[in-house]
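One-based numbering along the sequence shown.
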Amino acid sequence: MHEDPRISRKRPDVAAEDEAVASGMIFTIEPGAYLPGWGGVRIEDDVLVTDTGVEVLTHVTTELIEI
């Protein structure tokens, strides 16, 4: 379950209030890749909004590791 504040690409079919992203906010960026009939993977990165941009707080490799 996701909770506010949420960020996403703006969609013309969804009414949303414009709220500014402010320094000090932390968001989880969660891209995923899924294969039908098999499953998938989601990679989560925590990102801190700073006065000058963003800082990625997650320090884990995203290289494919075969087990």
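- Thr58 pairs by the side-chain hydrogen bond (donor to acceptor under 3.5 Å, both in side chains) definition with nothing, not counting sequence neighbours.
- If you take CD on Glu30 and CG on Asp46, they are separated by 8.5 Å, rounding to the nearest 0.5 Å.
- Between atom OG1 of residue Thr28 and atom CD1 of residue Ile43 there is a gap of 14.0 Å, rounded to the nearest 0.5 Å.
- By the side-chain contact (heavy atoms from CB on, under 4.5 Å) test, Val54 pairs with Val47, sequence neighbours left out.
- Cluster partners of Leu35, using a side-chain heavy-atom cutoff of under 4.5 Å among ILVMFWY residues and allowing indirect links, are Trp38.
- Annotation: side chain of Ile26 is not in contact with side chain of Val49 (no heavy-atom distance under 4.5 Å).
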Verdict with reasoning, Phe27 to Leu48, per side chain to side chain contact (heavy atoms under 4.5 Å, CB included): CA-CA 7 Å; Phe27 294 96; Leu48 169 66; over 6 Å; no
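- A chain of hydrophobic side-chain contacts below 4.5 Å, direct or via other Ile, Leu, Val, Met, Phe, Trp or Tyr residues, connects Met25 to Ile29.
- Residues satisfying the side-chain hydrogen bond (donor to acceptor under 3.5 Å, both in side chains) test with Asp45, not counting sequence neighbours, are none.
- Judged as a side-chain contact (heavy atoms from CB on, under 4.5 Å), and not counting sequence neighbours, the contacts of Ser23 are Asp51.
- In this structure, the side chain of Arg42 does not engage the main chain of Pro31 through any donor-acceptor pair within 3.5 Å.
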